[in-house]
Amino acid sequence: MPPSPPVRPSLVVFVVVDGLRYADVERWREHFGPGGFRRLLEGGAVFDAARYPYATTQTCVGHATLATGTLPERHGIIANTWYDREAGAKVSCVLDAESPSLDGSGGAGVSPKRLGMPTLGDALLGARPSSQVFSVALKDRAAVMMAGHRGTAFWWGKDGFTTSRHYAQALPEFVATWNAGRPQVAGTSWERSADPSLYAQLGPDDDVHELPPQGFGRVFPHPIPPGDGFLYTPSGADQLLDFGLAAVRAEHLGTRPGAVDLLAVGLSTVDMVNHAYGPDSHEALDTLLRVDRALAGFLSALDREVGAERVLVALSADHGMGTAPQPGGRLDGARVTQALEAALDAAYGEETWLQAFTTPYLYLRPEALAARGVRREEALAVGAKAIAALPGVAQVLTDTEAQAHDSRGLTAAVRASYFAPRAGDLTVLPVSGVLLAPDADCAGWHGAPYEYDQHVPLMVAGPGLKPARHARPVSPADVAPTLAAWLQVPLPEATGTPLPEATPPAR
């Protein structure tokens, strides 16, 4: 009698661990428990060479790429923030004044209106209107990009999880209930959770490069202050995953008759701790170990709630993370802008030449060029030459060079990031290991076209899928088309391709 065909999943769970380097998964895998990362590493299709092919390895960009199966040059999300020439201001990738948050914070509105491509969730709801698509994350930009235009996104707001009027007119009852009863950790301490000898491999706990939130200190134990301080501890992941399970239960994800649902989970904690302490800190290691345990509990709960044979799990990251820079490893944004202004002043006379600098893009003031009668192309060449001479700068490209089909240097990675209506006049790329930060300082960073930022984990585990490691190069843009094959929905706009090693087994 022939074997029964594998059961198609009724729930696809897409976990994105913000800021997780592939190298850290391999480095600490022996210290993970059996039910979290190792469940996927040992029981799924694992792609060891998944790398982003573009330069701006930032959170909003990565989530948009994972969700749409396209690159920034097509989906239009070029960074977390950029300068909007029409608005005359810097804007967030999810800014939408017409979609205020429901938490009463009075902050800027949030929606996916700036995302130019449909997501996997959009495709699922278009093909199967009875399906449900939920996205939960600590960051609004992570939740929104994964939910897309048709799904429903929840993120951490003023006093709990919230959404905006793009998605709902009022918070669902389960959200309000969860917020009212959420675990309170203020006043407790974050302690190490493993043997001290493990952390000792990383050197001393106290590192002068660490920049923790106020009140935390640089060494364990870390007192957790009131408010949102817990987001910079593993408790952020614990609460997010607990909230995700609340959504599964309340909305009966994957358990309704004929259900085919999608749940995206943006685990932002690793990124937030890495920024504060650096990815090679005691805090980063403890966070990863605790996230592993939280993930194991989450997946085990899904087995009970939905059924292991009915759940497909994919896990990746939106970008990696660079180590805390040593002296000389930081390139202050002010030096870049001063070099540009000085060079253009010397060539054409004193003016305010620069409109804005949002990494990695510089935007010139058209009014200044017009006032001095300067050809834009000439000004860009002068500015690029001056910036390229700065220590720590690897390459500077004009907008024409950024869109050229040229494989020299980092041009191909910049081209994949470049969406002309939003990108700057000049693109500035630092040397590997150098932090270019015009707006803020941090202990760990990302956003560059180098191995530590581009190389991320990619794993898929589900019913009938054979466990195997695959060494061939793949792109995170391949995940959405792969999951679309499981969901049996078209994703025609995707430029990524389904991974045959992780697509549904033949029936």
### Query
Got a sec, which residues hit salt bridge (charged side-chain N to carboxylate O under 4.0 Å, His left out) with Arg182, two or more places apart in sequence or on another chain?
none
Polar side-chain atom of [X] near backbone of [Y] as donor-acceptor pair, under 3.5 Å:
X      : Y      : value
His166 : Ser99  : no
Thr57  : His446 : no
His75  : Ile77  : yes
Arg218 : Asp207 : yes
His275 : Gly444 : yes
Tyr418 : Gly424 : yes
Gln454 : Tyr54  : yes

May I have the list of side-chain donor-acceptor pairs in residues 139-154 shorter than 3.5 Å, sequence neighbours left out?
from   : atom 1 : to     : atom 2 : distance (Å)
Lys139 : NZ     : Asp18  : OD2    : 2.9
Lys139 : NZ     : Asp271 : OD2    : 2.7
His149 : NE2    : Leu115 : O      : 3.0

#### Entry: Pair Trp155-Phe161, ring-ring contact (aromatic ring centres under 6.0 Å, His included): steps then yes or no
CA-CA 5 Å; Trp155 57 89; Phe161 285 97; 9.6 Å; no
### Task
Kindly indicate, with the supporting measurements, whether the criterion ring-ring contact (aromatic ring centres under 6.0 Å, His included) is fulfilled by Trp82 and Phe419.
CA-CA 11 Å; Trp82 59 82; Phe419 183 70; 8.6 Å; no
### Message
Could you work out, with ring pair (Phe, Tyr, Trp, His ring centres under 6.0 Å) as the rule, every residue matching Trp190, not counting sequence neighbours?
### Response
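Applying ring pair (Phe, Tyr, Trp, His ring centres under 6.0 Å) to Trp190 gives Phe220, His222.
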### Task
Run through Leu315, Asp48, Leu41 and flag the one making a side-chain contact (heavy atoms from CB on, under 4.5 Å) with Val25.
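The side-chain contact (heavy atoms from CB on, under 4.5 Å) with Val25 is passed solely by Leu41 among Leu315, Asp48, Leu41.
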### Query
Would you call Arg335 and Asp332 a salt bridge, taking side-chain N to carboxylate O under 4.0 Å as the test?
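Result for this pair is no, no salt bridge flagged.
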